[in-house]
Number of protein chains: 2
Amino acid sequence: MSATESLVLVIEDEKPIRCFLRAYLERRDFQLIEAEDGEEGLALAAEHRPALVLLDLGLPGLDGVEVIRRLRGWSATPIIVISARGKEQDKVDALDAGADDYLTKPFGVAELAARMRVCLRHSATRSKDDQQGVYRSEELFVDLAKRQVRLNDREVRLTKIEFKLLSYLMQNVGKVVTHRQILKAVWDSDRADQLHYSRIYVRQLRSKIEPDAAAPRHLLTETGVGYRLVG
Amino acid sequence: MSATESLVLVIEDEKPIRCFLRAYLERRDFQLIEAEDGEEGLALAAEHRPALVLLDLGLPGLDGVEVIRRLRGWSATPIIVISARGKEQDKVDALDAGADDYLTKPFGVAELAARMRVCLRHSATRSKDDQQGVYRSEELFVDLAKRQVRLNDREVRLTKIEFKLLSYLMQNVGKVVTHRQILKAVWDSDRADQLHYSRIYVRQLRSKIEPDAAAPRHLLTETGVGYRLVG
DNA sequence: TCAATTTTTACCAAATTTTTACATTCCTGG
DNA sequence: CCAGGAATGTAAAAATTTGGTAAAAATTGA
């Protein structure tokens, strides 16, 4: 089944474990790339689009759960957490943040390999387009992973909230998202009926990603319901 | 339709554990059905099509791994194995046979619930492309989930009420719906005899989804009764 | 502190819904 | 088969809701 070599990204700060995983997994026809911390891991994931991510939670710098969240912002690639922390709450947090599995150290490599196969089996049945988090049209290009937006090859700078809004719209490209959904996703659920927030930020976003903000081509209004990013 | 209530099949011979799971999971908006052995489990799965299966491996009679294999013969429903056996080879065998996760007793219920959410998350993203809420004819295409309507490949924009009306008609495609039913479904039951509302909106809808509104091909009048969307 | 960003406020324009009015079609009984 | 009332179609206005816009105030981060 693994006739095609699957690319696996290992995000782990302890070198011995990395070496150990490399030795074992390369014999099993996995191709490995390694990162020592969360930032590097996210960058490598954006660049190489691995089929699977093995993530240590006890990383220096960026929090592990935060790495999961950020990755999930633009990618559906399976994430298996490997951690020394065995507390139940740690597991729940990681899994709810978007991880697909959680292994506590020490673990058997045969079990790890089996769980990796489960993950790859899942993504095989799902769509094979690994261009998630990327939007293209004639004039607009967005890469969520690299946080890059270009309008007619001109770099566009988005603020944090503008970017979060665009992210959410891209995750539902083609579909209409209601004002409520937007407010809950971009702000918190408390402000789910402060209807004007979305209006104002849609306007700002349009002024940046639409060639003509008065006649939007990408971010359309569905009066009485919400907005839609055409796909 | 309460989308939150997922049907879970528990295949477990020890009654105390079944009771324990029931007590915990029913509070979490899961609906449970129980089986005491593999045969019964497979029969119940075939009959009720649960969204998730919790399977104990140490069952009397039919071997646990065999249950997984048989279930996988005709179903892709997620399977979480719960087992007292913690040997690595047991895990590998179960996962490779088609299980999605493997928990060793004793386990925390919060972790179990989190892992169940992971499984349901997976099947949610997969089964999104089902053909529910889609209408096709030679010239007309409607996708309720995406809130998208096309007439001869031309995007058609519907207002909130027009869309609600079309939704309701699609839910009863082929059948005649009375004016009263329409008014109650699209407006509130107070206005159930403001008969002219439906007339006016049927007209507007026709002008948008019929190639020739004067000679409707999809949305037909049943004089004296109501309207019908041909299926 | 200053510049950038987010939050708040206010007002105007556009889209949609509701109301009103009248025309046309359908169907039944004579 | 034809008249006449009921049912349905059509048009356009008034009323209301919703969205777009501008700009000031508050907050944040370097």
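The chains referred to below are lettered A, B, ... by the order of the sequence lines, with proteins before strands, and numbering in each begins at 1. None of these values were measured; they are calculated from a predicted model.
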Kindly calculate the angle separating the two end axes of the helix from C/dT1-D/dA30 to C/dG30-D/dC1, each obtained from five base pairs, and round it to 10 degrees. 40°

The criterion is salt bridge (Lys or Arg N to Asp or Glu O under 4.0 Å); which residues satisfy it with B/Arg150, sequence neighbours excluded? none

For A/Val173, the side-chain contact (heavy atoms from CB on, under 4.5 Å) test, sequence neighbours excluded, returns A/Tyr135, A/Leu229

Expressed as a whole number of angstroms, how long is the span from B/Gln194:CD to C/dT18:C1'? 10 Å

Results of salt bridge (Lys or Arg N to Asp or Glu O under 4.0 Å) for B/Arg217 - residues two or more places apart only: B/Glu139

Minimum-distance pair of heavy atoms, taken over all atoms of A/Ser75 and A/Gln132: C-OE1, 3.7 Å

Sidechain-backbone polar pair: A/Asn172 side chain, A/Tyr168 backbone, donor-acceptor under 3.5 Å: yes

According to a strict under-4.0 Å criterion, is B/Tyr197 in side-chain N/O contact with OP1 or OP2 of C/dT18? no

Rounded to whole angstroms, how far apart are CG on B/Leu220 and C1' on C/dT25? 16 Å

Each nucleotide in nucleotides 16-30 of chain D should get exactly one letter: B, S or -. Can you fill that in based on protein heavy atoms under 4.0 Å? --SBBBS--------

When the distance from CG of B/Leu205 to P of D/dG9 is rounded to whole Å, what number comes out? 12 Å

Nearest-Å distance for atom pair CG/P, residues B/Leu165 and C/dT16: 15 Å

Below 4.0 angstrom from OP1 or OP2 of C/dT7, is there any side-chain N or O of A/Arg191? yes

Tell me: CG of B/Asp193 to C1' of D/dA6, nearest whole Å? 17 Å

Contacts of type salt bridge (Lys or Arg N to Asp or Glu O under 4.0 Å), residue A/Glu47, not counting sequence neighbours: none

Does a side-chain N-to-carboxylate-O contact under 4.0 Å join A/Asp100 and A/Arg72? yes

Separation of C/dT6 C1' from A/Gln204 CD (nearest whole Å): 8 Å

Quick one: is A/Trp187 getting a side-chain N or O under 4.0 Å of the C/dT6 phosphate, OP1 or OP2? no

Separation of atom OH in A/Tyr201 from atom C1' in C/dA4, rounded to whole Å: 11 Å

Should B/Tyr197 and B/His179 be marked as a ring-ring contact (aromatic ring centres under 6.0 Å, His included) after you check the CA-CA gap, both sets of side-chain angles, and the distance that decides it? CA-CA 9 Å; B/Tyr197 280 57; B/His179 300 286; over 10 Å; no

Nucleotide C/dT5, atom C1' - distance to CZ of A/Phe163 in whole Å: 17 Å

Are side-chain heavy atoms of A/Arg70 and A/Leu62 found at a separation under 4.5 Å? yes

